[in-house]
Amino acid sequence: MAFDEDKFEAFINSIEYAAKTILNVIKNDGFVHIFSHLDADGVAAAGIIGKTLFRLDARFRIRITQWIDEKIVGDIISDKPDLVIFTDFGSGYLNTLSENVSNFKIVILDHHQISGDETANVVQVNPHSYNIDGAKDISGSGITYFVAKAIDKMNVDLSPIAIVGALGDLQDKYDQRKLGGLNEKIVEDAVSAGLLTVEKDLVFFGRETRPIHKALALTTNPFIPGISGEEDKSLAFLASLDIKPKHGEKWRALRDLSEEEKRKLCSALADYLLSKGLHYKVSHLIGHVYTLKNEEDWTPLRDAREFAVLLNATGRMNRPSLGVSICMGDRKAALEEAEKVLAEYRRTINKYLGWVMEKTERMKELENIYVVCGEDFIDDKIIGAVSSILSTNLPNPEKPLIAYAQVTEEGLAKVSARTIDVVTCKGVNLGEIMQVAAEKCQGNGGGHNVAAGAQIPLEQIENFLGIVNDLVGKQLKGENVGS
Ligand code: C5P
Ligand code: ZN
């Protein structure tokens, strides 16, 4: 096992304590405010805790937001809930919480780096307190799942949702895109409950059921410029390889390809990416595929990675309640609507990526980082997804990418920083860098070592980028940048 069993026990104790705290409030018919993060992991976490409380017949309300700010604080103060639960964020905002809402009972179920000190009113479950890697071994929805299971064993049926959340946070960092660490325990739960299968194959969405060109076009990791989002070009690409898209009248799916054809496809894709100046490891095209067995074949919920993209889409396109209700078990009309949102989200991402790639000066290279300025063209809620996709496709993959969008009406820059494991192994911690640099620029930053973000006053952006560039250089030299 990749983690230490003693630490694991302490971690489980903190989970049980959080479960008891929640149950006590509900037994007394308390009203619960749930706030969760806007990305796939946050939406999944909200769905898990929502379903858990629903099953207990509790009184609760869910709100999904991008960060914790004075609006949330104001909500809490005016509504006076008996309990506030933060999922997939909270640990980075302990000071804000202690300054403003220290007289409210608060449970935080998070896996972001902890910043500030918790006050006595806060029950916090966070893997970082137990030396467990919050960036790749457990997600916000994973922690929420463990708490849900401690509340009632029947919530084991929510395990696939936690796997979706972990994949949404790109935690498949073990060999061949496998989920490891505590995530592996959740996978075991889901497999034993007969809800999930794990196989090794090409990691394109709908590998079992979709026509091959559609599977290639719909997948965003890897993002293949000129093929992702473009079904006709994807068909032409297959034709150039002499891979037949149909068998008689029937479209073939990726699983119908022979081993020889799969090899040909992988190496051609890697060559193609290289011809675009992108270094993508062929081995990344094959990996562990997580299939939700009870979902209909053709839906985006069947493949856990695609399910995560759908949740991300609902969050980022201002429809998070759709994503939450799907995680709570809603299908039919909710799913139909979410599929429309997903299609729109894919179009939007393609538009943004096309825009960035249209002019070389839109991606600047500094000494230690790449910088993409989304101006006010890229929506600040979507800059994170754009940053994740671009970061897998950099000319020099070892330079962190800092992308930002302008939120002109609020006078803010929304920053999304991404890098890869190789760079964090050399000492770079983007969560720490975002926190330190944002503080120096009157902003707020934090996150994980590989993926982090910040909000800072717009007029500080050049200063901020300079500081980030310096801090990356310092961490690469092994210097402590202090947080
Ligand atoms: O917004 P984005 O997806 O780029 O954020 C990357 C990660 O950093 C997220 O998990 C987010 O919650 C975290 N973050 C943070 N504090 C901030 C901004 C982002 O912890 N101020
Ligand atoms: Zn998360």
Side-chain angles (χ1 to χ4, degrees), residues 35-48 64-69 72 86-96 108-116 125-128 133-145 161-172 182-183 308 311-312 315-316 349 372 374 378-391 400-405 407 412-419 429-439 441-457 464 468 483:
F35 295 96
S36 196
H37 189 215
L38 178 94
D39 67 2
D41 186 30
V43 171
I48 291 171
I64 307 288
T65 63
Q66 201 165 4
W67 47 68
I68 298 175
D69 58 12
I72 292 191
F86 289 109
T87 52
D88 194 38
F89 62 9
S91 295
Y93 298 87
L94 293 175
N95 290 341
T96 309
I108 297 176
L109 310 176
D110 193 9
H111 67 135
H112 292 91
Q113 283 164 14
I114 300 172
S115 151
V125 184
N126 188 310
H128 293 279
D133 187 335
K136 70 179 199 302
D137 285 352
I138 186 76
S139 70
S141 54
I143 297 194
T144 309
Y145 166 73
I161 304 297
I163 288 157
V164 169
L167 291 168
D169 263 6
L170 309 180
Q171 296 203 322
D172 50 346
L182 288 174
N183 282 321
L311 294 187
N312 229 329
R316 312 262 176 203
I349 295 237
V372 167
I378 300 185
D379 188 310
D380 66 291
K381 288 207 177 85
I382 303 185
I383 189 78
V386 171
S387 188
S388 291
I389 294 171
L390 287 172
S391 72
L401 172 70
I402 316 295
Y404 68 98
V407 197
L412 282 177
K414 162 74 188 76
V415 183
S416 277
R418 300 286 186 275
T419 192
N429 180 339
L430 291 179
E432 195 175 42
I433 289 178
M434 287 294 112
Q435 190 193 328
V436 172
E439 256 165 36
C441 300
Q442 295 83 51
N444 187 309
H448 311 291
N449 53 8
V450 285
Q455 304 84 250
I456 51 158
F464 176 83
V468 172
S483 59

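Counting starts at 1 for both ligands and their atoms, in listed order.
For the atom pair CD1 (I114) and CD1 (I108), the distance works out to 9.0 Å, reported to the nearest 0.5 Å. The structure places NZ of K136 at 14.0 Å from CG of L170, a figure rounded to the nearest 0.5 Å. Note that CD1 of I349 and CZ of R316 are 8.5 Å apart. Values are rounded to the nearest 0.5 Å. F89 contributes atom CZ, which lies 6.0 Å from atom OG of S36 (distance to the nearest 0.5 angstrom).
Among H37, H448, H128, the single residue meeting the side chain to side chain donor-acceptor pair (under 3.5 Å) criterion with H112 is H448. For the side-chain contact (heavy atoms from CB on, under 4.5 Å) criterion with V468, the lone passing option out of I402, V436, L430 is I402.
The shortest distance between side-chain heavy atoms of I68 and F86 falls below 4.5 Å.
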Exercise answer, ligand 1 polar atom pairs (N/O) under 3.5 angstrom:
unit_1	atom_1	unit_2	atom_2	d
ligand 1	1 (O)	K414	NZ	2.8
ligand 1	3 (O)	R418	NH2	2.9
ligand 1	4 (O)	S416	OG	2.5
ligand 1	4 (O)	R418	NH1	3.0
ligand 1	4 (O)	R418	NH2	3.1
ligand 1	8 (O)	G453	N	3.4
ligand 1	10 (O)	H112	NE2	2.4
ligand 1	12 (O)	H37	NE2	3.4
ligand 1	12 (O)	H112	NE2	3.0
ligand 1	14 (N)	G446	O	3.4
ligand 1	16 (N)	G446	N	3.4
ligand 1	20 (O)	G447	N	3.1
ligand 1	21 (N)	N444	O	3.3
ligand 1	21 (N)	N444	OD1	3.3
ligand 1	21 (N)	Q455	OE1	3.0

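Excluding water, every protein N/O/S atom under 2.8 Å from the Zn ion (ligand 2) is given here by residue and atom: D41 OD2, D88 OD1, H111 NE2, D169 OD2.
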(request) Give the intermediate values and the outcome of side chain to side chain contact (heavy atoms under 4.5 Å, CB included) for residues I138 and I143. (result) CA-CA 7 Å; I138 186 76; I143 297 194; 3.7 Å; yes
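If you check the side chains of S139 and D41, you find a donor sitting under 3.5 Å from an acceptor.
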